[in-house]
Amino acid sequence: MRINWDYIKLIALLFIVTGLYAFSNVRSEQRSVNGLNIEFVGDNNLYITQGMVNKLLIQKYGPLTNEPKEKLVLNTIEKVIEANEMVKSAQVYLTVNGELTTKIEQRRPIGRIEGDSKFYLDEDGRRMPFSVSHSARVPIITGKVTGKSLEDVYEILKYINNDDFLRKNVIGIHIADEGKYQLKFRMEQFVVNLGGVDGLDEKFNNFKAFYTKANKDETLEDYNVVSLEFNNQVVCTKI
């Protein structure tokens, strides 16, 4: 009987590869975490620190260094970090050298509510508590804060944040009533009556045209109220 050596070699090779794979898996599972790396992504990393994240993980899990890798449930660690009110999202993974790496995106406030309760409004329109690490320089919201008025204010803040001129100059929004919003500017004494959130493009384009002309004519200080409430008009009240 002739022996098929090629067939035997193939079977032997499969056994060797399977054995090496199983051996490497066992070795990998037996390895321990050899370090913790906390990284913040994006450019808004002011409201929670690496020390705070490290403390949070220690309180929940104890020291993670030297912890066996097979005991870690990465999805659970992500959820623990994301439960922090300053965190928007978190990604946790192990590197090939056993380092536990955490990448965190922080929430970004776009307005500060000053009412019976005080909080930030973040870029997703959600309430965000103040941070002990940093105070955001964002427009201050005052007046009659309700669920509907906050929804409208969020739309105004989104528009402001997408416009370079408005973002640099608007420092406050006052809620006179639902559908009646007033803007306060950094360098000017007048109040801008915006009205509701309908037609923001038209209203702000008209305002910027007025502002450019009045600034050129050096008449900005002559006004105490600038109204954008009326259709396609800028109505000014002089001091």
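The residues of the chain are indexed from 1 along the displayed sequence. Predicted model only: the values in this text are computed from it and were never measured.
- Between Ile140 and Ile171 there is no side-chain heavy-atom pair separated by less than 4.5 Å.
- Counting non-hydrogen atoms of neighbouring residues, nucleotides and ligands closer than 6.0 angstrom, the NZ atom of Lys208 exceeds 12 such neighbours.
- Between Tyr61 and Thr76, the closest side-chain pair of non-hydrogen atoms falls below 4.5 Å.
- Here the side chain of Tyr159 pairs no donor or acceptor atom with the backbone of Phe204 at under 3.5 angstrom.
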Donor-acceptor pairs are to be reported for all side-chain atoms of residues 220-230 against protein atoms at under 3.5 Å, with residues two or more places apart or in another chain.
residue: Ser227; atom: OG; partner: Glu229; partner atom: N; Å: 3.4
residue: Ser227; atom: OG; partner: Glu229; partner atom: OE1; Å: 3.2

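- Distance CG/Asn232 to CG/Asn206: 5.0 Å, rounded to 0.5 Å.
- Judged by distance alone, with hydrogens and angles left aside, the side-chain atoms of Arg167 form a donor-acceptor pair with the main-chain N or O of Asn161 at under 3.5 Å.
- Between the Asn84 side chain and the Met86 main chain, a donor and an acceptor come within less than 3.5 Å of each other.
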*asked:* Walk me through whether Ser149 and Tyr154 qualify under side chain to side chain contact (heavy atoms under 4.5 Å, CB included).
replied: CA-CA 9 Å; Ser149 66; Tyr154 173 59; over 6 Å; no
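- Other residues, nucleotides and ligands contribute more than 12 heavy atoms inside 6.0 Å of the NZ atom of Lys158.
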*Under the side chain to side chain contact (heavy atoms under 4.5 Å, CB included) rule, what do Ile48 and Val53 come out as? Steps first, then yes or no, please.*
CA-CA 7 Å; Ile48 184 172; Val53 177; 3.9 Å; yes
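- Under a 3.5 Å cut-off, the side chain of Asp177 and the backbone N or O of Lys180 do not form any donor-acceptor pair.
- Within 6.0 Å of CD on Glu202 lie more than 12 heavy atoms contributed by other residues, nucleotides or ligands.
- The salt bridge (Lys or Arg N to Asp or Glu O under 4.0 Å) search around Asp198 returns Lys203, not counting sequence neighbours.
- Inter-residue side-chain proximity for Thr49 and Ser133 is flagged as met; some heavy-atom pair is nearer than 4.5 Å.
- To the nearest 0.5 Å, atom CG of residue Asn205 and atom CG of residue Leu200 are 10.5 Å apart.
- To the nearest 0.5 Å, atoms NZ (Lys216) and OG1 (Thr212) are separated by 10.0 Å.
- Neither Ile173 nor Val191 shares a network with the other; the hydrophobic side chains, linked directly or stepwise wherever heavy atoms of I, L, V, M, F, W or Y lie under 4.5 Å apart, form separate groups for each.
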*Please step through side chain to side chain contact (heavy atoms under 4.5 Å, CB included) for the pair Leu57 and Leu64, ending with a clear verdict.*
CA-CA 8 Å; Leu57 294 176; Leu64 288 170; 4.2 Å; yes
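- Of the possible donor and acceptor atoms, none in the side chain of Gln91 sits under 3.5 Å from a partner among the backbone N and O of Lys103.
- Shown here for Leu56 and Ile81, the closest heavy-atom pair between the two residues is CD2-CA, 4.0 Å.
- A donor-acceptor contact shorter than 3.5 Å is absent between the side chain of Glu155 and the backbone of Val197.
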*asked:* side chain to side chain contact (heavy atoms under 4.5 Å, CB included), that's the test. Do Glu39 and Thr101 meet it? Break it down for me.
replied: CA-CA 8 Å; Glu39 300 178 9; Thr101 295; 4.3 Å; yes
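- Proximity of Asn37 to Leu100: side-chain heavy atoms (C-beta onward) are nowhere separated by under 4.5 Å.
- Note on Ile38: it clusters hydrophobically with Val87, by side-chain heavy-atom contacts below 4.5 Å among ILVMFWY residues.
- When hydrophobic clusters are built by joining Ile, Leu, Val, Met, Phe, Trp and Tyr residues whose side-chain heavy atoms come closer than 4.5 Å, directly or via intermediates, Met128 is grouped together with Ile104.
- The distance from the CE atom of Met187 to the NZ atom of Lys168 is 14.0 Å, given to the nearest 0.5 Å.
- Annotation: the span from Phe190 atom CZ to Lys184 atom NZ amounts to 12.5 Å, rounded to 0.5 Å.
- Under a cut-off of 6.0 angstrom, the local environment of CZ in Arg137 is sparse, with at most 12 non-hydrogen atoms contributed by other residues, nucleotides or ligands.
- Seen from the ring of Phe130, Arg112 counts as a face-on cation partner, given the 6.0 Å and 45° thresholds.
- For the pair Asn54 (side chain) and Gln50 (backbone), a donor-acceptor distance under 3.5 Å is absent.
- Annotation for Glu218: atom CD does not count as buried by contact number, only 12 or fewer foreign heavy atoms lying within 6.0 Å.
- Nearest heavy atom pair, residue Leu157 against residue Gly111, reads CD1-CA, 3.9 Å.
- Within 6.0 Å of CG in Asp43 there are 12 or fewer heavy atoms belonging to other residues, nucleotides or ligands.
- Two rings, from Phe165 and Tyr211, have their centers less than 6.0 Å apart.
- A continuous path of hydrophobic side-chain contacts links Phe119 to Ile110 [ILVMFWY only; heavy atoms under 4.5 Å].
- Judged purely by atom type and a 3.5 angstrom limit, Glu105 has no side-chain atom pairing as donor or acceptor with the backbone of Ser89.
- A search for side-chain hydrogen bond (donor to acceptor under 3.5 Å, both in side chains) contacts involving Tyr181 returns Asp152, not counting sequence neighbours.
- The main-chain N or O of Arg107 is never found under 3.5 Å from a side-chain atom of Glu123 such that the two would form a donor-acceptor pair.
- Within the 4.5 Å cutoff, the side chain of Asn34 has heavy atoms near those of the Glu99 side chain.
- Taking every heavy atom of both residues into account, Val138 and Pro109 meet most closely at CG1-O, 3.5 Å.
- Taking the side chain as every heavy atom from C-beta outward, Leu72 and Glu67 approach each other to under 4.5 Å.
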*Decide side chain to side chain donor-acceptor pair (under 3.5 Å) for Thr146 and Glu178; before the verdict, give the C-alpha distance in whole Å, the side-chain angles of both, and the deciding distance to 0.1 Å.*
CA-CA 8 Å; Thr146 65; Glu178 288 184 5; 2.9 Å; yes
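- Side chain of Gln182 to main chain of Asn193: no donor-acceptor pair is present (N/O by atom type, distance under 3.5 Å, no hydrogens or angles).
- Tyr47 places none of its side-chain heavy atoms less than 4.5 Å from the side chain of Pro129.
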*asked:* Go through it in stages, so that I can follow the logic: the residues are Thr95 and Asn97, the test is side chain to side chain donor-acceptor pair (under 3.5 Å), and I'd like the CA-CA distance, side-chain angles, deciding distance and then a yes or no.
replied: CA-CA 5 Å; Thr95 63; Asn97 62 358; 2.3 Å; yes
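- Clustering ILVMFWY residues whenever any of their side-chain heavy atoms sit less than 4.5 angstrom apart, transitively, puts Tyr120 in a cluster other than the one holding Ile175.
- Rounding to the nearest 0.5 Å gives a distance of 11.5 Å between CG of Asn169 and CG of Leu183.
- Residues Ile156 and Leu194 have side chains in contact (heavy-atom distance under 4.5 Å, counting atoms from C-beta outward).
- Few gaps surround NZ on Lys118; more than 12 heavy atoms of other groups in view lie less than 6.0 Å from it.
- Checked against a 6.0 Å centroid threshold, the rings of Phe185 and Phe207 count as neighbours.
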